[in-house]
Amino acid sequence: VNSAMVAASWMASAAAGSARTDAVLELHRAHFVTKQGFEAFGEQASARARKGRSADAQRAKLHQQGLRELHEAMDEKLRTALQGGSMSIWTGEEKARMRERREAHKAKELVDRASQGPEATMLPQSAREARAAMDRKVRGMPPINVRTKREMEEIEERRQDPNEAREKMAAHLAQRAQVWKAEKDMMAERLRASPRTMTFRSQEERRRIEELRQDPDEARLKSEQHMEELARTHRDRMAAMSERVQALPPTNIRPLEERTRIEEARQDPEEAKQMMARYMAELQQSNKAHKAAVAEKVQAMPRRTFRSKEEREQIESLRQDPEEAAARMAAHMKELRLDHKERQARIAENVAAIPAMTFRSKEQRDRMDAIKGSQRVTGFARTLREIERSARS
């Protein structure tokens, strides 16, 4: 047990515990030497979390790479097997040797059967006889193996009973355990004989670590006392600063008369609001009175214009009501439309009265005139009906 404890302490002081020791020292230094306070805990935790995530990502990357290589090897094995036309574990050379031995055995069997006479080549009378003949033939066959005679001899030499192999392995493991225990005892003896001051740090670093090492409760009490002292010093400094500011004479760029006017003009916000409301009401009343006076003055002034009396009379005669102007314009447009229709009808009559000049014969022209006359009468009647309808509307 003592040797195990010594070995454990030795492992804790070696590289296995150096990372944790460095982290504790760095946190202690940040908390009590550089006075970072409890923020150092968060920074250390974040740094260790980032380092852990980076290590996890690296391990995941290596795992993915191993899986990818395994898949590629399996795919290559399948491609090779498919190209070879077989999924067997035997290689091509081994299968070729097996095929040669099988053909040689078959040829030898045929020769032996032929030498025995026609009775040996006859088929058996029943399945039992066939099976017995097959068993005799198999037992009489030499062993077929792809391995050489030397390999078979080595295998026979190594073959042993499972119980014997288990006992042999147990003895081997027991011997290994004894050797390991002896080595461990020797290592513990060497560690106990070695001086306790063995370390990879220099004497100055050890001295600095001893200075920084303290009890957590003592360190907390010391930190609280330090913070109280800082607060007390800050309060005293602020009080002294306030006394110095109060003792200073007032410094102002304005003269005495201007400061007096400012003090007289300074008033309560509510009073200033009421005063401003009264002032705005007075301004509104004065503005109304001013606008009324201006309107009366404008009304009393004579009409002033750059137009002559005749132009003004003409403008007044042309001025009319908008609805009256719209009705008048609608009547005017209606007259124009009727006049246009009558003019179109007269143009059509004049065109129809012109003798036709054509290459058609008299019979064709008479037939065309009859058709046009009926159409003209119909069109004229339609025009008259439209005129009457528009006149009524």
S.K.: Distance check, rounded to the nearest 0.5 Å: Ser308 atom OG versus Glu313 atom CD?
M.R.: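 One finds 8.5 Å between OG of Ser308 and CD of Glu313.
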
S.K.: Between Glu258 and Arg261, is there a salt bridge with N-O shorter than 4.0 Å?
M.R.: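 Salt bridge flag = no for Glu258 with Arg261.
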
S.K.: Looking at side-chain heavy atoms only, is the closest gap between Gln285 and Lys288 below 4.5 Å?
M.R.: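 Contact flag for Gln285/Lys288 side chains = no.
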
S.K.: Side chains of residues 163-179: which donor-acceptor partners sit under 3.5 Å, not counting sequence neighbours?
M.R.:
| unit_1 | atom_1 | unit_2 | atom_2 | d |
| --- | --- | --- | --- | --- |
| Asn163 | OD1 | Arg166 | NH1 | 2.8 |

S.K.: Supply the atom-to-atom distance Met187 CE to Trp180 CH2, rounded to the nearest 0.5 angstrom.
M.R.: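 Rounded to the nearest 0.5 Å, the CE-CH2 separation comes to 9.5 Å.
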
S.K.: How many angstroms lie between CG in Asp112 and CD in Glu109, if you round to the nearest 0.5 Å?
M.R.: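 Output value for this atom pair is 8.0 Å.
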
S.K.: Examine distances only and state if a side-chain atom of Asn350 and a backbone atom of Arg346 form a donor-acceptor pair shorter than 3.5 Å.
M.R.: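 Yes, the answer is positive, given that a donor and an acceptor are paired below the 3.5 Å cut-off.
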
S.K.: With clusters defined by side-chain heavy atoms of hydrophobic residues (ILVMFWY) lying less than 4.5 Å apart, directly or transitively, does Met301 cluster with Val294?
M.R.: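 Different clusters: Val294 never reaches Met301 through Ile, Leu, Val, Met, Phe, Trp or Tyr contacts under 4.5 Å.
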
S.K.: Is the closest side-chain heavy-atom distance between Glu218 and Leu221 below 4.5 Å?
M.R.: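 Sidechains of Leu221 and Glu218: no contact.
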
S.K.: Could you walk me through whether Asp217 and Arg220 satisfy the side chain to side chain contact (heavy atoms under 4.5 Å, CB included) test, starting with their C-alpha distance in whole Å, then the side-chain angles of each, then the deciding distance to 0.1 Å, before giving a yes or no?
M.R.: CA-CA 5 Å; Asp217 297 333; Arg220 188 181 300 107; 3.1 Å; yes

S.K.: When you compare the side chain of Lys181 with that of Lys184, does any pair of heavy atoms fall below 4.5 Å?
M.R.: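 In short, these two side chains do not touch, never coming nearer than 4.5 Å.
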
S.K.: Taking the side chain from Ser54 and the backbone from Arg50, do they hold a donor-acceptor pair closer than 3.5 Å?
M.R.: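 The answer is no, because no donor-acceptor pair under 3.5 Å joins these two groups.
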
S.K.: For atom CZ of Arg131, is the number of surrounding heavy atoms from other residues, nucleotides or ligands below 6.0 Å larger than 12?
M.R.: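 Atom CZ in Arg131 is not crowded, with 12 or fewer foreign heavy atoms closer than 6.0 Å.
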
S.K.: Could you measure the distance from the NE2 atom of His71 to the CD atom of Gln64? Nearest 0.5 Å is fine.
M.R.: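 It comes to 9.0 Å.
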
S.K.: Could you check whether any side-chain heavy atom of Arg150 comes within less than 4.5 Å of a side-chain heavy atom of Glu154, counting everything from C-beta outward?
M.R.: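 Yes, side chains in contact.
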
S.K.: Below 3.5 Å, can you tabulate the donor-acceptor pairs from side chains in residues 233-244 to any protein atom, sequence neighbours excluded?
M.R.:
| unit_1 | atom_1 | unit_2 | atom_2 | d |
| --- | --- | --- | --- | --- |
| Thr233 | OG1 | Glu229 | O | 2.8 |
| Ser242 | OG | Met238 | O | 3.0 |

S.K.: Cluster question for you: counting only ILVMFWY and a side-chain heavy-atom cut-off of under 4.5 Å, with indirect links fine, are Met276 and Leu283 together?
M.R.: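 Result: yes, single cluster for both.
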
S.K.: Quick check: closest heavy atoms across Arg259 and Arg254, and the distance to 0.1 Å?
M.R.: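 Of all heavy-atom pairs spanning Arg259 and Arg254, the closest is NH1-O, 2.5 Å.
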
S.K.: Given Gln203 and Arg206, is the side chain to side chain contact (heavy atoms under 4.5 Å, CB included) satisfied, shown in steps?
M.R.: CA-CA 5 Å; Gln203 186 176 2; Arg206 294 198 302 274; 3.8 Å; yes

S.K.: Using the side chain to side chain contact (heavy atoms under 4.5 Å, CB included) rule, take Met329 and His332 through it: C-alpha gap first, then chi angles, then the decisive distance, then the call.
M.R.: CA-CA 5 Å; Met329 181 56 67; His332 177 65; 4.2 Å; yes

S.K.: Before you tell me yes or no, could you show the steps for Asp56 and Arg59 under salt bridge (charged side-chain N to carboxylate O under 4.0 Å, His left out), namely the whole-Å CA-CA distance, both residues' side-chain angles and the distance that decides it to 0.1 Å?
M.R.: CA-CA 5 Å; Asp56 292 341; Arg59 284 194 293 270; 2.2 Å; yes

S.K.: Output the distance between atom CG (Leu67) and atom CD (Glu72), rounded to the nearest 0.5 Å.
M.R.: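 Going from CG on Leu67 over to CD on Glu72, the span is 11.0 Å.
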
S.K.: Could you go through Arg192 and Glu189, starting from their C-alpha distance and side-chain angles, then the distance that decides it, and tell me whether this counts as salt bridge (charged side-chain N to carboxylate O under 4.0 Å, His left out)?
M.R.: CA-CA 5 Å; Arg192 282 193 294 270; Glu189 291 294 335; 2.3 Å; yes

S.K.: Side chain to side chain contact (heavy atoms under 4.5 Å, CB included) for Arg102 and His105? Distances and angles first, verdict last.
M.R.: CA-CA 5 Å; Arg102 191 183 300 113; His105 177 71; 5.8 Å; no

S.K.: Rounded to the nearest 0.5 Å, what separates atom CZ in Arg136 from atom CZ in Arg139?
M.R.: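 So the gap between those two atoms works out to 8.0 Å.
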
